[in-house]
Amino acid sequence: MIPLAWYLIFSAGLFSIGLLGVLVRKNAVSILMGVELMLNAVNVNLLAFWRYLWAPEVDAQVFVAIVLIAAAAEAVVGLALIISAYRRRQTVVVDDMNLLKG
């Protein structure tokens, strides 16, 4: 059986990669991918703790399914916003998208 610490280290690494992607990238699609990586790291943590603490119960699995559905909806809405901004400004670089300015 794999120890809980390995799952937590993997999840921390995945979250760090996602956070780095959000902070460093200028491309809006890459930023969304970083957010998705962070959400998946949270799901790995949730399932790891569920497995080691409350294995007979199914609550955590349902919660993870809800988080995955919400993440998919977030990705769809985010990509729709990016496509709309691209059609208007012809770029997906976040620094160049100043849509709130007159």
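- Tracing side-chain contacts under 4.5 Å through hydrophobic residues (I, L, V, M, F, W, Y), one reaches Val64 starting from Tyr7; they form part of the same cluster.
- The closest side-chain heavy-atom distance from Asn40 to Leu68 is below 4.5 Å.
- In terms of modelled atom types and a separation under 3.5 Å, the side chain of Ser16 and the main chain of Ala12 share a donor-acceptor contact.
- Using a 4.5 Å cut-off on side-chain heavy atoms (C-beta onward), Arg51 and Leu47 make no contact.
- Here the closest non-hydrogen pair linking Glu36 and Ala71 is OE2-O, 3.1 Å.
- A continuous path of Ile, Leu, Val, Met, Phe, Trp and Tyr side chains, each step under 4.5 Å between heavy atoms, connects Leu8 with Phe63, placing both in one hydrophobic cluster.
- The hydrophobic cluster containing Val35 also contains Phe15, counting ILVMFWY residues as joined when their side-chain heavy atoms lie under 4.5 angstrom apart, directly or transitively.
- Closest of all the heavy-atom pairs between Tyr86 and Thr91 is CD1-N, 3.4 Å.
- In this structure, the side chains of Val94 and Ile31 come closer than 4.5 Å at one or more pairs of heavy atoms.
- A continuous path of hydrophobic side-chain contacts links Val67 to Leu53 [ILVMFWY only; heavy atoms under 4.5 Å].
- Heavy atoms only, all atoms of each residue included: Ser11 and Ala41 are closest at OG-O, 2.6 Å.
- Here the closest non-hydrogen pair linking Leu32 and Gly78 is CD1-C, 3.6 Å.
- For the pair Phe49 and Leu4, the minimum side-chain heavy-atom distance is below 4.5 Å.
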